[in-house]
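The block underneath contains the structure these notes are about, expressed in structure tokens.
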Amino acid sequence: MTVLRTRNLTKKFGKFTALDRINLEVKPGEIYGFIGPNGAGKTTTIRVLLGILKATEGEVTVFGKDAWKDAVEIHRKVAYVPGEINLWPELTGGEVIDLFVKMRGSNNQSRREELIEKFNLEPTKKCGTYSRGNRQKVALVSAFSSDADLYILDEPSTGLDPLMDKMFRECVMEAREAGKSVFLSSHILSEVEKLCDRVSIIRKGQIIETGSLMEMRHLTRTNVLAETRQPVKDLGTMKGVHNLRENGQQYSFQVDSEELGRVINYLSQFHLVKLESAPPTLEDLFMRHYEETGGAS
Amino acid sequence: MLKERFRNTGKYTRLISRRDRIRIPAWLIIIFLFTVVIGAAYPELIPSEEERQMMAETMRNPAMTALFGPGYGLDDYHFGAMIAHQMLLITVLAVAVMNILLVARHTRGDEESGRMEILRSLPVGRLSNVGAITLVLWGANLLLSLVVGGGLYSLGLAGMDLEGSLLYGVVLGATGIFFAAVTALFAQLAESSRGTVGYSLAFLLLAYLVRAIGDVDSEAFSMVSPLGWVLRAEVYVNNYWWPVLLTLGAAVVVAALALYLNSLRDLGAGFIPSRPGRRVASRFLQGPLGLALRLQRTAIAAWAAGMLILGATYGSVMGDMEEYLDTLEIMQEMLPEVVEDISLMDQFIPMLLAVISMVCTIPVLLMILKIWGEETRNRMENLLARAVSRRCILGSYLLLAYFTSLLVQLFAVTGLWSAGAAVTEEPVSFKLIFDAGMIYLPAMWVMIGVAVLLMGFKPQAAGLTWLYLGYSFFVVYLGGILQLPDWMSSLTPYGHIPQLPVEDMNYPILALLTATALVLTVVGFLGYRERDIQG
């Protein structure tokens, strides 16, 4: 059984196509990364998943139910942290957390206190006086103090300091250990790398890549830094070598995974002094997609 | 030093003008058309000299004085005197509301949304914001003065000379400038834009009430109210210019005070401080209804108190009316069709209650339109992302609106009756006033229906409900005197309400209005269930 599935989800605002045939599938116990640049359609997708926006075409199901028609029933088991958190300036953080938890129906008072403590939140202050990070904490505490089966998090750690960010990651891992699913949208690639099992990349309303990080890395390049005693000839013209930068006898470049062995063999003829290789970061993945599809928009 | 404080005010002025390039002209055009179209209609509506003099006699009635201000030039009640006396005050109210909304939007509104922070991080002076919006509104009000004055003069009616027409326009503009300054002051005191608008409107209402009581009972009391000053200009009859100077002088003082307070405080802070709140939510704050009530409870309480005072103000006029009507015994022979078996006093009750009911509709509409306010501030998704249905959200606000309609109407009626009973020798029965007031509820529900319909299909056009209420206000407020054609009053729900106790109770009409309200509301619900929510 899948927790969340979209089939050819399309959303149009007038003539503008915000989402174009999006296909997603989140399995139980999975942390699913949804990454893309600003304005790619991440938040729009999430709002469709939550039944706030109505899909123009396509099928959207959460827990096997229709995301638009059965929104209320679905939401009893969903916890959501929006990307931009707008709270009522006249209510206190504590009141908002309670209200949110009650509106979902489930209640876990001890968990609430524990999380308030953990995130170091001042619950008697009015939301109007909270900083962005504190508003984020209110949303995170109310999300994680409820017993949800699916957590939808829209750029959740923007605005948190490193310490709080670590707390947040702990909460996410705990949720996964308890068998919950997490749908995490982000443009911070390191965050997704640390947490996610599988990833979809969205750009201009279209999914351009889906798979596990392992699979994606397989398709891509490794970063290599090499230093040799003798100058290396013709490295730049070798098959599979990209972005070569030379600094004396130091070479840094990227190499297609399937060509890696051949290139290392070739380098070793020139007396290697130093060889460092790093797996591709999501950043590289991302940038490569940009280059191939005509750069950032 | 001072120059630094106001740095880049000029550019800021252009920014405001750019943002409001539709909004401000729209206000000006509506006010201009309102004045000129009605002005032009007077000769058709009241063509004969006798009718005009008869109207002058009714204007001596204290109830009329409370509504329109003291009559002047009644011995020769030409078109100029009539138009200025009957229209100036209500137009001044519209101009004041325009200035209040615009200033609140560009001061606290921008501060609340964080836009001001970005601007203040640029080389923009601390006082440039208040300075710029003040400059823009000086310009807008001056323009308004000229076009309205010019428009009235161009009508070429008897008694409407150039000086009087200009004075009419300038009185509008000067009062506008005054209320812009008052709002700028409240923007420093309150911490939110809602609070700023609330305090400013409360001040406007208070000014109106003080004037109403003062005009009937004591001239000196009236002079406390800025709305009392404007009527003393006696436009088209004596054309006194001192009230304009007085208003502008007061505006400068208030604006200076606002600037001074602005220079003292931190961005985002107010002078009325906020206290720490509850650690956990109360038993009432459990869902959408509790939330809606919690967010609006202060507003509901304030409006209820305000409506009690409004009712009491009109009620306090009844004593003077009684006296006045006694002296009128002789006149009753002249007006045989009016008297019959209904007392003259009873004639004015439905008129007062119609006006009261329309003012009471303002808080009721605010309750419903809050939905759109919440949506544009992206707070609706907080609810919709949880196990809360759209029907439940809209239903909560609807319930609150119905509750508010009952509450404010009850308070207004109670105020009217108790003040009336206190000052008259033969008090009108509570039941009579209660019936005559509560009968307006179906009309208010139709207004709620219109608002719900817009929420369901075109929330961006929520402002239309205010336009509709404004139209109703104009038709009912002035329609009785001007004897406007019937179709005009049939376009507003308030025009269909039986005028108890003068007319008979008419249940079919009330049922029809309630049914209309129901249909509008249900259709609105259907739309709300199907549309995209912004956030």
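All chains are named by letter (A, B, ...) in the order of the sequence lines, taking the proteins before the strands, and each is independently numbered beginning at 1. The figures here come from the full heavy-atom set of this structure, side chains too, leaving out hydrogens, waters and symmetry mates.
Around atom CD of A/Glu117, no more than 12 heavy atoms belonging to other residues, nucleotides or ligands sit under 6.0 Å away. At most 12 heavy atoms of other shown residues, nucleotides or ligands fall within 6.0 angstrom of atom NZ in A/Lys69. Other residues, nucleotides and ligands contribute over 12 non-hydrogen atoms within 6.0 Å of the CD atom of A/Glu170. No more than 12 heavy atoms of other residues, nucleotides or ligands sit less than 6.0 Å from atom NZ of A/Lys125. Counting heavy atoms of neighbouring residues, nucleotides and ligands inside a 6.0 Å radius, atom CZ of B/Arg391 does not exceed 12 of them.
Between the side chain of B/Arg279 and the main chain of A/Glu122, no donor-acceptor pair closer than 3.5 Å is present. Distance alone, capped at 3.5 Å, is enough to place a donor-acceptor pair between the A/His75 side chain and the B/Leu384 backbone.
Partners of A/Asn86 according to the side chain to side chain contact (heavy atoms under 4.5 Å, CB included) rule, which considers only residues two or more places apart in sequence or in another chain, are A/Glu84, B/Asn378, B/Arg379.
The interface of residues 3-29 of chain A with chain B, defined by heavy-atom distances below 4.5 Å, comprises A/Lys11, A/Phe13. Residues of residues 91-99 of chain A lying under 4.5 angstrom from chain B, judged on non-hydrogen atoms, are A/Leu91, A/Thr92, A/Gly94, A/Glu95, A/Asp98, A/Leu99 by number. Using a 4.5 Å cut-off between non-hydrogen atoms, the part of residues 52-64 of chain A that approaches chain B consists of A/Ile52, A/Leu53, A/Lys54.
A cation-pi contact, defined as under 6.0 Å to the ring centre and within 45° of the axis, is absent between B/Arg386 and A/Tyr80.
Salt bridge B/Arg297/A/Glu90: absent, no basic N to carboxylate O contact under 4.0 Å.
Between chain A and the residues B/Leu383, B/Val388, B/Leu295, B/Thr298, the most heavy-atom pairs under 4.5 angstrom are made by B/Leu295.
For the atom pair CD (B/Glu191) and NZ (A/Lys126), the distance works out to 8.5 Å, reported to the nearest 0.5 Å. With rounding to the nearest 0.5 angstrom, the OG1 atom of A/Thr43 is 8.5 Å from the CD atom of B/Glu381.
Residue contact with chain A, scored on non-hydrogen atoms closer than 4.5 Å, involves the backbone and the side chain of B/Leu285 alike. In this structure, chain A has a heavy atom under 4.5 Å from the backbone of B/Ser282, while its side chain stays farther away. Using a 4.5 Å cut-off between heavy atoms, B/Arg294 contacts chain A through its side chain alone, with no backbone atom that close. Using a 4.5 Å cut-off between heavy atoms, B/Arg377 touches chain A through its backbone atoms (N, CA, C, O) alone. Of the two parts of A/Leu87, the backbone and the side chain both hold a non-hydrogen atom closer than 4.5 Å to a non-hydrogen atom of chain B. B/Glu374 touches chain A through its side chain: at least one heavy atom from C-beta onward sits under 4.5 Å away, while N, CA, C and O do not.
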> Could you walk me through whether A/Trp68 and B/Arg529 pass the side chain to side chain contact (heavy atoms under 4.5 Å, CB included) check?
Replying inline: CA-CA 10 Å; A/Trp68 174 262; B/Arg529 225 174 51 186; over 6 Å; no
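Looking at B/Ile533 and A/Arg47, their side chains never come closer than 4.5 Å, going by heavy atoms from C-beta outward.
The shortest non-hydrogen separation linking A/Arg76 to B/Ala387 is CG-CB, 3.5 Å.
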